[in-house]
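Pasting in a structure now, in structure tokens, and then I'll have a few things to ask.
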Amino acid sequence: MTSRIWSDPLTPTEIDEITALVRADARIGERPRFWGIAVEEGLARALAPGQGRPVRLVVMNPDAHAAWEVTGWTSGTDRDAVLSGWADVDAKRPGVSSDEARAIAQAARNHPLIVEALAKRGIHDTSLVWVDPESITGFEPEDLADCRLSWGTVWYRESVDDNGYARPVAGLVPILDLETLDVIRIEDHGVIPMASESGNYRSGTWGPDREVAPLEITQPQGPGFDVDGHRVTWQNWSFNIGFTHREGLVLHDISYRDGDVDRSVMRRASINEMYVPYLDSDPTAYRKNFFDWGEYGAGPLTASLELGCDCLGEIRYFDAHVLDGNGEAMTISNGICLHEEDHSILWKHVNTRTGEADVRRSRRLVISFFATVANYDYGFYWSLYQDGNIELEIKLTGILSVSGIDDGKMPPFGRMVSPNVQAPTHQHYFAIRLDTAVDGPLNRLVEVHAEVEEDDELNPWGNAVKMVSETISSEKDAARLADASRALHWRIENTENINRFGESTAYRLSVLNTTRLFAKPGSVVARKAPFVGKHLWATAYDASERFIAGEYPNQAPLEAEGITAWQQADRPLDGAELVVWPIVGVHHYPKPEEWPIMPAHKIGLRLEPDGFFVRNPSLDVPPSEEAACHAPSGGHGHDGHGHDHDGHAHVHHGSDDPHADHHDHH
């Protein structure tokens with residue numbers, strides 16, 4: 001039996017034993033609410049397998065306007081479960097659980113103020129109305145500043161199976177009290193005609209489905225990875241799969257086997273926060289800006305994945321367990337997907353003198369999860385490659401968050417997507433947390449960019465370019481901007497190990513997708529998330545600095561917490577346990593082709609070995625079994641039409657894996 005290690009996700013048993021102890025305390029009242037439980041990683045890393053694990057959770061007493069962060073230990077070979085402390089938390093600041101959101105939505109849609117406002121718009125069946133409680137951080141009414149608040153977007157369905165997100169109830173904004181589940185007041189900016197066109201996207205809605213030929217992915221000998229508990233090994237890679245309430249999927253202790261040595265690359269990798277500001281002054285849209293992780297939580301928003309739909313081939317799934325808003329352990333079946341993918345060409349060369357060609361197909365190992373945040377769906381894919389590369393791909397899909405617009409008008413800050421329906425311009429920012437351990441625990445951050453050599457003696461023909469490196473020595477200097485025009489990238493270097501050329505062993509970080517915040521300085525949107533003003537941040541590791549937006553960003557004071565506050569310490573970074581925080585962003589100017597459902601838009605970042613290995617580490621990848629990829633090519637590297645000779649979809653099988661799940665349908 002595999003022993004659980006510190007980074008393994010919490011089990012339902014561990015969650016339940018801690019919440020049982022919390023429930024026994026009278027201070028939480030008769031109807032407590034919960035938001036999240038997580039392993040205290042800073043303490044847990046040093047523990048031996050089988051020992052109890054330190055945890056923290058948040059519990060609220062809405063009747064007393066009180067909240068606490070409770071710490072404790074799960075049971076293990078060395079102890080029974082026990083609570084170790086209660087710390088007061090500002091009652092309005094814990095995140096909103098899905099259970100709390102459902103409760104306020106149910107109460108709001110039947111409230112007399114909303115019923116009356118809906119009747120003015122010809123809506124009388126409130127069972128067909130949705131109310132989504134939205135973050136109000138920075139927009140709290142002054143007379144309600146001490147209340148735990150939300151504001152509501154209101155939607156209408158014409159039938160039970162209608163797409164409610166296609167029919168916004170424009171002009172209607174309820175202000176909600178999350179503790180009392182009451183509508184404090186409503187804003188009514190006037191009746192605007194409802195959407196007149198269906199927003200359904202189900203099969204057959206807009207005509208018969210096209211014919212699509214079958215595409216099969218088979219691995220008759222099983223996948224090439226091995227799973228032991230939550231420890232995964234695949235070819236030269238090894239890592240642990242974790243999962244938390246706030247961040248969802250987390251990868252721990254990523255290493256690459258180089259010959260006979262396991263060399264560390266990353267201690268921890270996660271999507272730490274997501275910020276989505278809407279850039280429209282419309283009265284029912286201007287408040288839209290969310291910390292989807294810090295104000296709601298990626299864990300409970302994680303979707304169950306399905307074979308043949310979300311993942312193809314020989315799949316190994318992992319269930320995810322979270323604490324729901326009522327204090328019960330909730331299991332998300334198949335929350336994490338692990339699988340291999342063919343990925344076109346790894347490397348290739350045709351020797352035109354001998355007619356011989358060598359080619360290797362690339363394969364990657366993909367670890368993924370999906371989070372559904374009301375209307376939007378986000379897929380997060382960490383890929384490990386045979387040449388030592390690591391890639392994060394984020395897929396944005398789902399339904400645009402839209403607003404109503406009056407007859408004959410065009411949106412000044414968005415696009416029309418349907419009659420009387422506009423999609424505001426908005427942005428998506430993803431703050432990535434990378435606890436680096438490139439070739440060991442002590443690293444430095446170096447920024448590299450290209451410059452023309454201006455010295456004519458060194459550059460007599462004018463074509464010489466030099467790469468200029470700048471070591472980021474301390475935290476106050478570690479707020480950087482990407483710049484593709486200067487070929488700018490960053491190196492995460494080991495400060496103790498050098499390669500055979502005398503360079504520090506390193507990994508290169510490239511942020512592939514960035515944008516800037518198009519909001520006025522001093523605006524709520526800008527002050528709420530100052531970290532989106534840069535594309536990379538870096539800090540020295542501190543176990544208490546867990547989240548880039550701060551521990552409790554919901555209704556938090558603007559600009560007071562998070563990474564911009566941490567940087568004031570100005571700790572040295574050269575030879576530190578380094579944490580880098582890339583900001584991946586996209587400016588979303590909507591298109592009609594993204595309605596009524598949005599094709600997946602892809603953004604991400606890449607980590608590449610840069611002087612980490614002696615040479616190409618994938619020289620040991622064998623040719624495909626089904627084709628003589630190293631045989632004479634006839635003297636040409638293409639088929640006369642510019643196409644690679646890589647038509648085979650066959651996947652080479654690395655090993656028989658007794659631990660992997662096998663499916664007899666593909």
In plain terms, say whether Asp407 and Lys409 are close enough for a salt bridge, that is, a side-chain N and a carboxylate O under 4.0 Å apart. no
Taking all atoms of both residues into account, what is the closest heavy-atom pair of Asn554 and Ser135, and its distance? OD1-OG, 4.5 Å
Output for pair (Phe380 CZ, Ile271 CD1), nearest 0.5 Å, gives 5.5 Å
Using 0.5 Å steps for rounding, measure from the CG atom of Leu384 to the CD1 atom of Ile390. 6.0 Å
Can a salt bridge be assigned to the pair Glu391 and Arg364 using a cut-off of 4.0 Å between side-chain N and carboxylate O? yes
For Glu295, check salt bridge (charged side-chain N to carboxylate O under 4.0 Å, His left out) against everything at least two apart and list the hits. Lys528
Under a 3.5 Å distance rule, please check whether Asn420 uses its side chain to pair with a backbone N or O of Ile405 as donor and acceptor. yes
Using a 4.5 Å cut-off on heavy atoms from C-beta on, say whether the side chain of Trp155 contacts that of Val402. yes
Whether Thr302 side chain and Ala298 backbone form a donor-acceptor pair below 3.5 Å: yes
List in chain and number order the residues that pass side-chain contact (heavy atoms from CB on, under 4.5 Å) with Asn200, two or more places apart in sequence or in another chain; answer none if no residue qualifies. Asp162, Asn163, Ser198, Thr205
One should read off an interatomic distance between Ile367 CD1 and Cys337 SG, to the nearest 0.5 angstrom, of 9.5 Å
Determine, using ring centers only, whether Tyr286 and Phe139 are less than 6.0 Å apart. yes
Could you tell me which residues satisfy side-chain contact (heavy atoms from CB on, under 4.5 Å) with Asp253, sequence neighbours excluded, listed by chain and number? Trp6, Arg45, Arg231, Asn240, Arg267
Set of residues satisfying ring-ring contact (aromatic ring centres under 6.0 Å, His included) with respect to Trp537, sequence neighbours excluded: none
Decide ring-ring contact (aromatic ring centres under 6.0 Å, His included) for His428 and Tyr275; before the verdict, give the C-alpha distance in whole Å, the side-chain angles of both, and the deciding distance to 0.1 Å. CA-CA 6 Å; His428 303 260; Tyr275 182 53; over 10 Å; no
For a quick check under 3.5 Å, do Asp319 and Ser333 share a side-chain donor-acceptor pair by atom type? no
Which residue, Glu314, Glu340, His339, forms the side chain to side chain donor-acceptor pair (under 3.5 Å) with Gln219? Glu340
Nearest 0.5 Å, please: how far is CD1 in Ile315 from CG in Leu305? 9.5 Å
Side-chain heavy-atom pair Leu605, Ile432 within 4.5 angstrom cut-off: yes
Partner set under side chain to side chain donor-acceptor pair (under 3.5 Å) for Trp490, not counting sequence neighbours: Glu447
Does Val129 offer a backbone N or O that forms a donor-acceptor pair with the side chain of Arg109 under 3.5 Å? yes
Would you say the side-chain atoms of His588 and Glu594 include a donor-acceptor pair closer than 3.5 Å? yes
How long is the straight-line distance from OH of Tyr378 back to CZ of Phe370, given to the nearest 0.5 Å? 11.0 Å
Test ring-ring contact (aromatic ring centres under 6.0 Å, His included) on Trp130 and Tyr165 and set out the steps. CA-CA 9 Å; Trp130 291 345; Tyr165 288 121; 5.0 Å; yes
Is Ser97 reaching over with its side chain to a backbone N or O of Glu100, donor-acceptor style, under 3.5 angstrom? yes
Residues which pass salt bridge (charged side-chain N to carboxylate O under 4.0 Å, His left out) with Asp99, listed by chain and number, not counting sequence neighbours: Arg102
Check the pair Tyr429 / Leu517 against side-chain contact (heavy atoms from CB on, under 4.5 Å), numbers first and verdict last. CA-CA 10 Å; Tyr429 292 96; Leu517 181 64; 3.8 Å; yes
Would a 4.5 Å heavy-atom cut-off, applied to side chains only, mark Asp282 and Phe413 as touching? no
Report the residues that fulfil side-chain contact (heavy atoms from CB on, under 4.5 Å) with Ala101, sequence neighbours left out, ordered by chain and then residue number. Val96, Pro133
Would you please name every residue forming a side chain to side chain donor-acceptor pair (under 3.5 Å) with Lys395, sequence neighbours left out? none
Looking at Phe225, does the NZ or CZ of Arg316 lie under 6.0 angstrom from its six-membered ring centre and within 45 degrees of the ring axis? no
Ser196: partners by side chain to side chain donor-acceptor pair (under 3.5 Å), with sequence neighbours left out: none
For His252, all residues meeting side chain to side chain donor-acceptor pair (under 3.5 Å), sequence neighbours excluded: none
Taking the side chain as every heavy atom from C-beta outward, state whether Trp35 and Arg246 have any pair of such atoms under 4.5 Å apart. yes
Under 3.5 Å side-chain donor-acceptor pair for Tyr156 and Arg167: no
Would you say the side-chain atoms of His489 pair up with the backbone N or O of Leu509, donor to acceptor, closer than 3.5 Å? no
Please tell me if the side chains of His230 and Ser7 come closer than 4.5 Å, counting only heavy atoms from C-beta onward. no
Is the ring pair His426/Tyr278 parallel, tilted or perpendicular, if the boundaries are 30 and 60 degrees? parallel
Please confirm whether the backbone N or O of Tyr317 pairs with a side-chain atom of Asn334, one donor and one acceptor, at under 3.5 Å? no
Kindly determine whether Glu187 and Arg287 satisfy salt bridge (Lys or Arg N to Asp or Glu O under 4.0 Å), including the steps that lead there. CA-CA 13 Å; Glu187 299 174 9; Arg287 294 181 181 89; 2.3 Å; yes
Between Ser403 and Gln422, is any side-chain donor less than 3.5 angstrom from a side-chain acceptor? no
Is a side-chain N or O of Trp237 found less than 3.5 angstrom from the main chain of Leu365, in a donor-acceptor match? no
Close side-chain approach of Asp280 to Thr425, heavy-atom, < 4.5 Å: no
Measure from the side-chain N and O atoms of Asp483 to the backbone N and O of Leu481, and report whether any donor-acceptor pair falls under 3.5 Å. no
Check step by step if side-chain contact (heavy atoms from CB on, under 4.5 Å) holds for Leu434 and Val579. CA-CA 6 Å; Leu434 302 175; Val579 184; over 6 Å; no
When you measure from the side chain of Ser362 to the backbone N and O of Leu346, does any donor-acceptor pair fall under 3.5 Å? no
Residues in salt bridge (charged side-chain N to carboxylate O under 4.0 Å, His left out) with Asp406, at least two apart? none
When you check the gap from the basic side-chain N to the acidic O, do Arg268 and Glu41 get nearer than 4.0 Å? yes
By side-chain contact (heavy atoms from CB on, under 4.5 Å), which residues pair with Arg516, not counting sequence neighbours? Phe518
Are Glu551 and Arg546 within salt-bridge range, i.e. N to O under 4.0 Å? yes
For a 4.5 angstrom cut-off between non-hydrogen side-chain atoms, does Thr331 reach Pro12? yes
Is a donor on one side and an acceptor on the other found under 3.5 Å between the side chain of Asn326 and the backbone of Glu328? no
Quick one, Trp382 and Val366 - any side-chain contact, counting heavy atoms below 4.5 Å? no
